[in-house]
Amino acid sequence: MPAPFPLGVYDSGVGGLSVLRAIRDILPREHLLYVADSAHVPYGEKTQEYVRQRALAVADYLVSRQAKAMVVACNTATAAAIAALRARHPDLVIIGVEPAIKPAAHLTRSGVVGVFATTGTLASPKFAALVQREAPEIRILFRPCPEWVLQVERGEIHGAAAAAAVAAPVRELLAEGADALVLGCTHFPFLREAIQDAAGSAVPLLETGAPVARRLRHQLQARGRLAADGAGAVELTTTGDAAALGRMAALLLGLPGVATRLPAAWC
Ligand code: DGL
């Protein structure tokens, strides 16, 4: 029997598991329904319209499962689709993620902040508005890293392969004066160790999993919709290869590696 009223957590692939981890930490009683749109990953280089259509399809699936909230655990999909999602499902709690520009602007001493994200996020009007609103005085260096998304999707998050992938982009932004780095894609926290090694321990790396989880808790609390008792579970679903998602969830989060494929209508 599927769990009633799960919290939907959605990403193009496995990146949103970094957000799911933060949600599970503070809401251990909730049933989390993770949707990886793996048949369409990566989103970062696709058009906004393409990503919007995918996000709407996933939202329809979550509503069909009676989800009480949808966390768009993907910066690219948030930028492309959050307004359309809220318009289509006005009664659903919908929480998006955005690169952590505001805390980075507070932390920087050099006045230069580096942002790693997808091309789609960095090119979006929503991101431009965020920078304008939260950091008008700060010099923001944009660095699209689509190859990091694929690196994480392959599970190459440790060792020499990860170090080689992150070295040049990190070096570039530090050389231009950045002293705070924003991980503006939910895949990138899984490369945190390699990025921190390349940047040095003094450079803060900012991500958004924990604040997003707190916002979700706050909104559910305000509506009286937090799970009251029992132990929550994680249900893993994908539009792509279920066995591959199961393996990745085990590798990245130590979750039991069982996943299912969504019915064709949603893929
Ligand atoms: N995890 C995603 C994000 O936060 C998207 C990565 C991709 O599919 O390109 O932007």
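Both counts, for ligands and for their atoms, begin at 1 and track the order of listing.
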Number the atoms of ligand 1 from 1 as they appear, then name those within less than 4.0 Å of a heavy atom of T118, with their elements. 6 (C), 9 (O), 10 (O)
Between OG on residue S12 and NZ on residue K46, distance to nearest 0.5 Å: 8.5 Å
Atom 7 (C) of ligand 1: closest protein heavy atom, distance to 0.1 Å, is Y43 N, 3.3 Å
For atom 9 (O) of ligand 1, what is the nearest protein heavy atom, given as residue, atom name and distance? G44 N, 2.8 Å
Side-chain ion pair, R261 and D241, N-O less than 4.0 Å: no
Please find the pair of heavy atoms, one from R109 and one from D179, that lie closest to each other, and give the distance. N-OD2, 2.8 Å
Please state which part of N75 comes within less than 4.0 Å of ligand 1, counting heavy atoms only: side chain, backbone, both or neither. both
Part of T186 within contact of ligand 1 (heavy atoms, under 4.0 Å): both
Which is closest to atom 1 (N) of ligand 1 in terms of heavy atoms, H187, E153, E98, H40? H187
Ion pair check, R24 and E30, cut-off under 4.0 Å: no
Does atom CD of E193 have more than 12 heavy-atom neighbours, drawn from other residues, nucleotides or ligands, at distances under 6.0 Å? no
Proximity flag C74 to ligand 1, non-hydrogen atoms under 4.0 Å: yes
Just need the protein heavy atom nearest to atom 10 (O) of ligand 1, so name the residue and atom and give the distance. T76 OG1, 2.6 Å
Heavy-atom contacts with V149 under 4.0 Å: which atoms of ligand 1 show up? List them by number with element. 6 (C), 7 (C), 9 (O)
Sequence neighbours excluded - ring-ring contact (aromatic ring centres under 6.0 Å, His included) pairs with any residue from residues 130-164: F116-W148, F127-F142, W148-F188
Any ion pair linking R65 and E235 (charged N to carboxylate O, less than 4.0 Å)? yes
Using a 4.0 Å cutoff against the non-hydrogen atoms of D11, which atoms of ligand 1 qualify? 1 (N), 2 (C)
Can you list the ligand 1 atoms lying under 4.0 Å from a non-hydrogen atom of S12? 5 (C), 6 (C), 7 (C), 8 (O)
Quiz item: cation-pi between R225 and F5, 6.0 Å / 45°: yes
